[in-house]
Amino acid sequence: MKKAIISGISGQDGAYLARLLVQQGYQVTGLVRGSQGEGLWRLKYLGIAEQVQLTECDLTDMSQIFRLIQEIQPDEVYHLAAQSSVSVSFSQPIATINYNTISTLNLLETIRLSHASLRFYQASSSEMFGAVQRLPIDEDTVINPQSPYAISKATGYWMTRNYREAYKLFATSGILFNHESALRQPNFVIKKIIRTALDIREGKADKLVLGNIDVRRDFGYAPAYVEAMWRIMQQDQPDDFLICSGFSSSIREIVEMVFVLLEVPLSALHTEQSLFRPAEIDENFGNPEKAKRVLNWSYSMNLEQLLRQLILDEYEVREFLKLHS
Ligand code: NAP
């Protein structure tokens, strides 16, 4: 039986990836930062809370990682834990850069020093490309980060590449573009749009307030994207892959579509300058050609299919949380 460690198992991707690995017959150990476990409802919602082992581990303390790797002897380590919000990174730059970079470095150093024969996955982000000269972004696009979060992810990406090239570790990066689900943290934009639209529909809110709605991003569906993570780790050679839908949509388009689907009047949409980011990327979208060709990964949801799916999932999650709160 293969053994995997997932850091950040209480988050959106950690939960979906854990479900996938459990389905594949892995023994899964999830790392959590404390016993409070607020995000662990996601594992219950996906029906796998009893099938994964949870272990407290502070990834900023290398000795804890060292002991963990010795004890579990995993085949695969997926490093997903991170302060994952661009907006939060502007208000917490030091915490974001500290945690996101040191956790990755500690994992890579532990693997190198202990000669552990395992595969390592780094959750890299399209945000690291920042302000690009041309679209679509591909694996060769110049990195030009525009936020503390993006800088932390660019650093994690380069450290992973460096350990692969210098020490021949099986160290990979999935460079993922935005991917959404009803398990997203509530401060992320599509989740906020759908939740607030449902609240307006149910009379619990009267408006949706957003920042810059003209930015365009490449959005996909999280359960399909975690499958790409697993495929990256099954290759003969470690490498980096962009995982994306291949097209961009503006926040404005998304609000309009969600409001039409949920019959909410557009007059409920408000924008506020204070919610604009200090530095913004107008548009990004990637080219998933390498992932499709090499990983045999397929993704074909258009925006409307994605939003319809997210709305259905949101209803289901709401019901679950009502019953379990
Ligand atoms: P998420 O839902 O925010 O989950 C983040 C996970 O990291 C949670 O388990 C969280 O634990 C943990 N974490 C956060 N800050 C921590 C800290 N200071 N110390 C210890 N643990 C901490 O993120 P996600 O959407 O699943 O994303 C997974 C990974 O992919 C992240 O590294 C993210 O940056 C990256 N990524 C995501 C996207 C996307 O669109 N979702 C795109 C590209 C890359 P708690 O539950 O205890 O808070």
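Whatever order the structure lists ligands and atoms in, that order sets their numbers, starting from 1. Since the structure is predicted, the reported quantities are computational estimates derived from the model, not experimental observations.
Taking 4.0 Å as the cut-off between side-chain N and carboxylate O, E304 and R308 count as a salt-bridged pair. A salt bridge links R318 with D199: the distance from a Lys NZ or Arg NE/NH1/NH2 to an Asp or Glu carboxylate oxygen falls below 4.0 Å. Salt-bridge annotation for E272 and K207: absent, with no side-chain N of the basic residue lying under 4.0 Å from a carboxylate O of the acidic one.
Looking at Y45 and E316, their side chains do bring a donor and an acceptor atom within 3.5 Å of each other.
Polar contact with ligand 1: present for R33 (N/O pair, distance under 3.5 Å). In terms of N/O distances under 3.5 Å, ligand 1 is not approached by S124. Considering backbone and side-chain atoms alike, F188 places every N or O at 3.5 Å or more from each N or O of ligand 1. Ligand 1 has a nitrogen or oxygen under 3.5 angstrom from a nitrogen or oxygen of Q185.
At a 4.0 Å heavy-atom cut-off, ligand 1 does not touch S103 at all.
For atom 7 (O) of ligand 1, the choice among A82, G14, G11, G39 with the nearest heavy atom turns out to be A82.
Using a 4.0 angstrom heavy-atom cutoff, E127 does not count as in contact with ligand 1. Residue contact annotation: H79 has no non-hydrogen atom under 4.0 Å from ligand 1.
Remark: L312 engages no residue in a side chain to side chain contact (heavy atoms under 4.5 Å, CB included) (not counting sequence neighbours).
Residue pairs satisfying the salt bridge (charged side-chain N to carboxylate O under 4.0 Å, His left out) criterion with at least one member in residues 127-137, sequence neighbours excluded, are listed as follows: E127-R217.
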